[in-house]
2 protein chains.
Amino acid sequence: MTTSLKRIEREPLWDLAHAQLRDALLAGRFEPGTVLTLRFLAEQFGTSITPVRDAVTRLVAQGVLQQGPRNSAIVPNLSRKELADLTVVRCALEGRAAREAALQKHDAATFRQLEERLSKMQSLIQARKLESYLEHHRKFHFGIYAMSSIPLLVETIENMWLRCGPVLSFVIPEYVVLLKGWDHHTAALKAIMAGDAARAEAEIVADITEAAHYLGGLADATGQLRRPVIP
Amino acid sequence: MTTSLKRIEREPLWDLAHAQLRDALLAGRFEPGTVLTLRFLAEQFGTSITPVRDAVTRLVAQGVLQQGPRNSAIVPNLSRKELADLTVVRCALEGRAAREAALQKHDAATFRQLEERLSKMQSLIQARKLESYLEHHRKFHFGIYAMSSIPLLVETIENMWLRCGPVLSFVIPEYVVLLKGWDHHTAALKAIMAGDAARAEAEIVADITEAAHYLGGLADATGQLRRPVIP
DNA sequence: CCGTGTTGTTTGTTATAACAAACAACAAAA
DNA sequence: TTTTGTTGTTTGTTATAACAAACAACACGG
């Protein structure tokens with residue numbers, strides 16, 4: 001028997017809290033270094049501290065939040081060294097994902113979808129809509145990684161992106177425009193379509209490396225990353 | 001002022017619970033598929049369910065425990081496909097770690113320590129002491145990975161090992177003895193000492209791949225891994 | 001014999017209160 | 001003025017109880 005009824009599922013409060021915190025982090029809506037106290041978050045969510053505690057525990061376990069003194073959760077402030085480490089791991093993982101993606105056959109629809117997203121990104125950049133651009137940018141990358149058919153790999157990469165989250169808002173539109181002289185995105189996609197694994201990996205690695213190089217230049221003498229001045 | 005007093009630090013209960021569960025998983029002391037209920041674990045630890053809940057939440061977030069229906073935590077039962085995926089990610093990460101290790105200078109003491117561990121492993125295998133062997137084996141691998149000086153990389157690799165934990169007890173001494181015709185461990189260590197990055201990576205990858213190939217052979221028709229019969 | 005509704009038990013979820021450690025502000029003594 | 005001790009507040013930790021959803025066993029009616 002088939003009906004038009006939708007599946008009922010109630011998500012626990014701590015799951016909702018986790019999702020909200022996760023998105024906020026990924027969007028860089030928290031100033032790095034901020035301490036997140038349980039009671040404050042609980043008040044924001046309008047719940048008791050129990051589900052908030054679960055959400056924070058999960059985020060700390062994922063390495064998205066650092067645990068400061070007395071096990072308090074703080075929004076990580078990436079140093080230049082940590083950014084460099086993150087870049088190494090991301091290159092290893094995302095490079096491999098691109099490689100695996102190139103080794104497999106895919107639907108024409110998949111490719112078309114990604115190409116459409118690329119042109120959408122192009123127009124968003126010209127319109128200086130950074131927020132929307134980053135959203136599409138993220139989906140494009142993970143669209144490629146999903147083509148590897150290795151869920152574990154995608155999951156692990158997602159974790160690394162989450163760790164980059166707090167400094168993601170440091171990216172300024174000017175940089176993205178500047179960089180688009182050489183578009184590694186389209187190159188990577190073409191390589192995957194052609195089944196050129198080595199090329200696909202190289203393009204993704206280049207994309208990650210160049211972005212990291214730009215962000216690394218934002219570090220001050222102490223190695224802490226600083227938000228660029230918006231002109 | 002310097003005294004002989006040691007630093008006092010009290011670890012929270014949920015931290016202790018997490019460590020115990022973690023070690024048990026890593027040693028493969030839980031049958032894959034086991035459901036771990038909060039109240040059962042709480043009784044084992046002699047605490048309330050609150051700290052246990054934190055520990056389990058953390059393990060689930062790390063992907064070490066799967067969450068079954070009604071968010072219950074179950075010891076994952078790896079399929080052949082999942083093992084293959086795990087192998088791909090491990091090769092990417094651990095291969096890179098070995099490569100980075102080879103690119104740096106290290107103390108002679110570090111090398112000597114690892115060599116001693118290798119000979120220790122040799123004797124443990126001959127004595128068929130699998131439990132102790134695996135312990136040293138783990139420390140040897142992570143000794144190498146630590147030489148990469150990339151904490152994030154080590155942390156991520158540790159996560160992958162944790163996920164392999166439940167099936168680690170499937171390894172039988174005979175296999176380890178058999179395999180030692182070609183010792184990738186000493187070869188990798190030598191490559192790192194010589195600064196041969198490509199070789200170091202290749203040896204580690206070979207080590208991982210061969211072990212995975214052995215474990216993959218233990219899968220039944222459904223793809224589920226099965227504990228080998230001990231003769 | 002099979003399907004259905006009921007009931008009791010199990011188990012994760014959430015709120016709450018008591019607790020203890022850490023921190024900050026302030027006061028007292030050198 | 002600087003240091004030290006005290007006190008009040010903040011904040012993570014833990015236990016406990018009430019709750020609700022899911023599951024299993026059982027009884028009833030076809």
Side-chain angles (χ1 to χ4, degrees), chain A residues 1 3 5-22 24-25 30-77, chain B residues 1 3 5-22 24-25 30-77:
Chain A
M1 182 169 60
T3 68
L5 301 178
K6 291 176 186 173
R7 173 162 193 83
I8 294 177
E9 45 185 323
R10 237 185 25 151
E11 265 196 291
L13 290 182
W14 64 270
D15 220 335
L16 300 174
H18 174 262
Q20 277 202 44
L21 283 174
R22 184 177 173 283
L25 263 316
F30 282 120
E31 191 73 21
T34 310
V35 293
L36 299 173
T37 68
L38 297 182
R39 284 174 175 83
F40 167 74
L41 291 175
E43 196 173 3
Q44 297 290 316
F45 289 127
T47 69
S48 83
I49 64 174
T50 311
V52 173
R53 185 179 168 76
D54 281 343
V56 170
T57 297
R58 179 186 271 208
L59 287 168
V60 171
Q62 291 176 324
V64 180
L65 289 177
Q66 282 182 344
Q67 56 181 16
R70 189 139 117 282
N71 283 351
S72 61
I74 61 181
V75 182
N77 205 341
Chain B
M1 182 169 57
T3 68
L5 302 179
K6 292 177 185 172
R7 174 163 192 81
I8 295 177
E9 46 184 324
R10 239 189 7 170
E11 268 196 287
L13 290 182
W14 64 270
D15 220 334
L16 300 175
H18 174 261
Q20 277 202 45
L21 283 174
R22 184 178 173 282
L25 263 318
F30 283 120
E31 190 74 18
T34 310
V35 294
L36 299 173
T37 68
L38 297 181
R39 286 174 174 83
F40 167 74
L41 291 175
E43 195 174 2
Q44 296 290 316
F45 289 128
T47 69
S48 83
I49 65 174
T50 312
V52 173
R53 186 179 166 77
D54 281 343
V56 170
T57 298
R58 177 185 274 208
L59 287 169
V60 171
Q62 291 176 325
V64 180
L65 289 178
Q66 282 183 343
Q67 56 181 22
R70 189 142 112 280
N71 282 351
S72 61
I74 61 181
V75 182
N77 206 342

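Residue numbers begin at 1 in each chain, while the letters A, B, ... track the order of the sequences.
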Problem - Sorted by number, the residues of residues 33-45 of chain A with heavy-atom contact under 4.0 Å to DNA chain D - result: A:Leu36, A:Thr37, A:Leu38, A:Arg39
Practice task
Check whether more than 12 heavy atoms from other residues, nucleotides or ligands sit under 6.0 Å from atom CD of B:Glu43, and answer yes or no.
Solution key: no
Practice task
First locate atom OG1 of A:Thr34, then atom CZ of A:Phe40, and finally report the distance between them rounded to the nearest 0.5 Å.
Solution key: 9.5 Å
Problem - Atom pair CZ (A:Arg58) and OG1 (B:Thr57), whose distance is rounded to the nearest 0.5 Å - result: 7.5 Å
Problem - Any A:Asn71 side-chain nitrogen or oxygen under 4.0 Å from OP1 or OP2 of D:dT13 - result: yes
Problem - Length of the CH2-C1' vector between B:Trp14 and D:dA15, whole Å - result: 17 Å
Practice task
For B:Asp15 and D:dT13, give me the distance from atom CG to atom P, rounded to whole Å.
Solution key: 9 Å
Problem - Spacing between B:His18 atom NE2 and D:dT13 atom P, to the nearest angstrom - result: 14 Å
Problem - Phosphate-side-chain proximity, B:Arg53 and C:dG12, N/O vs OP1/OP2 below 4.0 Å - result: no
Practice task
Give the nucleotide from the list D:dT16, C:dA15, D:dT14 with an atom nearest to the side chain of A:Leu13.
Solution key: C:dA15
Practice task
Please figure out whether A:Pro51 or B:Ala73 has its closest DNA chain C nucleotide nearer the 5' end.
Solution key: B:Ala73
At a cut-off of 3.5 Å, list every protein nitrogen or oxygen paired with a nitrogen or oxygen from nucleotides 20-25 of chain C, distance to 0.1 Å.
from, atom 1, to, atom 2, distance (Å)
C:dA21, OP1, B:Arg10, NH2, 3.3

Handout entry: B:Leu16 CG to D:dT14 C1', straight-line distance once rounded to whole Å
Key = 13 Å
Problem - Phosphate OP1/OP2 of C:dT14 contacted by A:Thr50 side-chain N/O (<4.0 Å) - result: no
Exercise for the section: Could you tell me the separation between the CG atom of B:Asp54 and the C1' atom of D:dT13, rounded to a whole number of Å? Expected result: 9 Å
Handout entry: Interatomic distance where CD belongs to A:Glu11 and C1' belongs to C:dG12 [whole Å]
Key = 15 Å
Handout entry: Partner residues of A:Leu41 under the side chain to side chain contact (heavy atoms under 4.5 Å, CB included) criterion, sequence neighbours left out
Key = A:Leu21, A:Leu36, A:Phe45, A:Val52, A:Val56
Practice task
Dump the intermediate steps for side chain to side chain contact (heavy atoms under 4.5 Å, CB included) on B:Val35 and B:Val75, then the final yes or no.
Solution key: CA-CA 6 Å; B:Val35 294; B:Val75 182; over 6 Å; no
Exercise for the section: Could you check A:Asp54 against B:Arg53 for side chain to side chain contact (heavy atoms under 4.5 Å, CB included), going step by step and ending with a plain yes or no? Expected result: CA-CA 8 Å; A:Asp54 281 343; B:Arg53 186 179 166 77; 2.6 Å; yes
Completion exercise
Taken to the nearest 0.5 Å, the spacing of B:Gln62 CD from B:Leu59 CG works out to 5.5 Å
Handout entry: A:Leu65 side chain reached by A:Phe30 side chain, heavy atoms, under 4.5 Å
Key = no
Handout entry: Nearest heavy-atom neighbours spanning B:Ala61 and A:Ala61
Key = CB-CB, 3.9 Å
